[in-house]
Amino acid sequence: MEEILFEKPNFKEEEIYLLKPFFTNLDKSVYAIVFLPPEVAGALCSRASRAKEDLRVVFLKEFLKPFIEEKSEYGRSLKALIDFFHQNPLEIIFSNPRARDFYIKWLAEYGDDSIAQMSGTHLVYSSLSQIAIKHLENMRIGIAPIEKSTRYVDFSSKINGHYRYFTPPELKDLNLENDYQQAMDNLFLTYEELYKFYFNYLKEKYPEEKEIVLKTKVFDSIRRILPLSTLSQVSFFANGQAFEYMINRCLENELEEIRWAGKRAFEELKKIIPAFLRRIETDNSRDYRNYLSKRREKIIKTLKEINFPLEIESEENKVKILEFDPEGENKIIASLIWPETKESFEKVLNKIRKLKTVEKEKILDSILKERKFRWYKIPRAFENVYLRIEIITNIGAWRDLQRHRMQTLLNQRFNIFNGYDLPQEIKEIGLEERYISAIKKAEEIFLKIYEKNEILAQYAVTFSHRIRFLQYQNLREFFWETELRSTSQGHPDYRRIVQEKAKLLEKIYPLIFKYLLIDFSDYEFARRESIKKIEEKEKNLKDYFSK
């Protein structure tokens with residue numbers, strides 16, 4: 001597959017000289033970061049969320065050129081370091097024989113995986129579809145992604161006259177490429193029209209409101225028209241073990257884009273951490289990839305053999321607790337006090353069962369009543385109780401909840417059969433018909449592709465379409481998710497979900513619910529309050545340093 005559509009940076013010769021030591025390449029959409037201090041690499045990759053430009057351009061403009069041009073002490077040292085790197089190539093500096101032999105022996109030959117967790121690096125994809133990004137992000141320990149935000153960045157811009165969406169090469173063989181591109185172009189054109197119309201509408205209605213607040217409101221409302229083929233920038237920090245697993249998950253995937261993403265990750269990371277990835281080219285890894293990639297195919301085959309009925313069930317939005325522990329509160333209280341005892345857990349639990357409600361409340365109160373903010377962590381004892389929750393909501397909201405990796409999250413494949421959500425704001429500005437028309441055209445091409453390839457059809461699904469998924473999470477993660485996602489800056493869609501989850505918790509665990517710092521308020525403008533706080537902090541800092 002050719003390089004995925006992306007805006008290739010156009011660096012001058014002197015800029016290439018400055019940048020070359022810090023990236024594995026300067027002209028491709030996938031690259032690794034090298035020789036940057038942790039604070040700098042972290043700050044740069046964090047910019048992926050808001051940056052409109054390629055992160056290598058951001059690094060040049062914000063982290064490199066200003067210091068070299070002003071010829072400060074830091075700038076002179078930085079320039080000297082760049083000169084040194086040009087005299088001593090990456091391949092030589094990174095190939096310490098002792099370290100490389102260590103990993104070849106103990107990781108590749110003896111399989112001591114824990115040592116692959118001792119070091120990590122950064123990898124950036126400048127242009128990858130939502131389908132591929134979610135495949136990569138759907139990992140847990142060892143990997144940390146930051147993706148370009150659909151809430152802050154305008155996705156209507158084009159590259160060489162082409163909207164930013166991915167066209168799967170498999171569509172050529174199905175003779176559906178033209179139909180698909182017409183439907184995707186129509187979605188992005190609708191996005192562009194909605195942006196202009198709604199922003200002007202809000203500007204006239206709220207002339208005193210800050211532009212950044214209005215834009216956030218607009219993007220929050222119109223992002224649901226974007227398809228899962230939308231191309232975005234995403235940066236990853238992961239340890240060696242996580243990158244090895246990520247690549248293995250990709251190389252034999254059914255979708256060509258994901259196979260390509262794994263291949264490119266391997267090519268770039270091999271330049272700087274080859275010993276961590278040495279096993280990928282072994283027969284054992286090939287067998288492992290076959291095991292990973294064939295599971296779906298084997299499940300489908302078995303279901304057909306046993307005549308298991310597969311039906312399409314269409315449902316509206318819902319949040320439902322499917323399973324919970326009736327003794328959850330007793331077990332949490334027992335877990336809180338058990339470390340202070342010299343007894344078995346079972347004996348302590350039996351004692352808790354016999355306590356009066358007011359006595360149980362007293363124990364909880366002694367530990368939790370002084371908890372003021374959500375970042376005051378809930379005790380680990382809350383991890384002893386789990387909930388299984390089924391949720392149906394639009395994919396836009398699911399994308400944010402999917403980031404919570406400290407849980408077991410399962411989702412059905414992206415489809416159109418549960419319908420879609422029509423934002424109230426679109427009705428408010430009178431563009432309901434335009435919105436629905438674009439969705440319907442996307443659904444038409446989805447069904448055409450679906451008849452031939454169910455996996456490939458996912459690219460034509462929009463953020464508006466609903467997805468059914470399961471969360472199996474302990475109460476500690478439940479607290480973290482609901483408290484974080486209910487704040488004023490949260491998107492209205494996922495705020496409603498966690499608020500509904502909190503109401504359900506109150507019914508089953510009323511003693512525990514009392515300590516949940518949930519925000520049940522509704523906000524006309526998400527982020528307005530947080531922007532005010534940020535501006536206030538910046539002012540205080542300026543006042544402090546001016547003194």
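Starting from 1, each residue takes its place in the sequence as its number. Heavy-atom basis, side chains included; hydrogens, waters and symmetry copies ignored. These numbers come from a predicted model, not from an experiment.
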Salt bridge (charged side-chain N to carboxylate O under 4.0 Å, His left out) assessment of Arg223 paired with Asp400:
CA-CA 13 Å; Arg223 72 170 186 166; Asp400 292 290; 3.1 Å; yes
Non-hydrogen atoms of [X] and [Y] that approach each other most closely:
X      : Y      : value
Leu136 : Ile143 : O-CD1, 4.2 Å
Phe6   : Ser126 : CD1-CB, 4.0 Å
Asn186 : Ala438 : ND2-CA, 3.4 Å
Leu55  : Ala48  : CD2-N, 3.8 Å

Does atom CD of Glu39 have more than 12 heavy-atom neighbours from other groups under 6.0 Å away?
no
Spacing of [X] atom [atom1] and [Y] atom [atom2] [to the nearest 0.5 Å]:
X      : Y      : atom1 : atom2 : answer
Phe166 : Tyr180 : CZ    : OH    : 7.5 Å
Ile131 : Glu257 : CD1   : CD    : 8.0 Å
Leu78  : Lys65  : CG    : NZ    : 13.5 Å
Lys263 : Ile280 : NZ    : CD1   : 13.0 Å

Using the side-chain hydrogen bond (donor to acceptor under 3.5 Å, both in side chains) definition, which of the options Arg485, Glu481, Gln473 pairs with His404?
Arg485
Sole candidate of Glu192, Glu7, Arg164, Lys52 that passes side-chain hydrogen bond (donor to acceptor under 3.5 Å, both in side chains) when paired with Ser157
Arg164
For Glu73 and Arg76, what are the C-alpha separation, side-chain angles and deciding distance, and is it a salt bridge (charged side-chain N to carboxylate O under 4.0 Å, His left out)?
CA-CA 5 Å; Glu73 183 179 352; Arg76 287 193 296 271; 5.5 Å; no
Determine whether Lys294 and Glu252 satisfy the following criterion, salt bridge (charged side-chain N to carboxylate O under 4.0 Å, His left out), listing intermediate values before the conclusion.
CA-CA 9 Å; Lys294 299 297 183 184; Glu252 299 296 332; over 6 Å; no
Could you tell me whether the side chains of [X] and [Y] share a donor-acceptor contact shorter than 3.5 Å?
X      : Y      : answer
Gln458 : Lys134 : no
Thr167 : Gln181 : yes
Arg468 : Asn415 : no
Arg289 : Asn248 : yes

Aromatic plane relationship, [Y] with [X] - under 30° parallel, 30 to 60° tilted, over 60° perpendicular:
X      : Y      : value
Tyr494 : His491 : tilted
Phe188 : Tyr163 : parallel
Phe199 : Tyr195 : parallel

Qualifying residue for ring pair (Phe, Tyr, Trp, His ring centres under 6.0 Å) with Phe35, from Phe23, Phe22, Phe85:
Phe85
Residues that Asp83 engages under side chain to side chain donor-acceptor pair (under 3.5 Å), provided they are two or more places apart:
Tyr17, Lys79
Apply the test side chain to side chain donor-acceptor pair (under 3.5 Å) to residues Thr282 and Asn284: give CA-CA distance (whole Å), side-chain angles for both, the deciding distance (0.1 Å), then the verdict.
CA-CA 5 Å; Thr282 65; Asn284 282 340; 5.3 Å; no
Between Tyr152 and Arg50, is there a cation-pi geometry (under 6.0 Å to ring centre, at most 45° from the normal)?
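So Arg50 does make the cation-pi contact.
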List the steps and the verdict of side chain to side chain donor-acceptor pair (under 3.5 Å) for Gln471 and Glu477.
CA-CA 11 Å; Gln471 289 182 321; Glu477 175 60 19; over 6 Å; no
Does the Arg249 side chain pair with the main chain of His135, one donor and one acceptor, at a distance under 3.5 Å?
yes
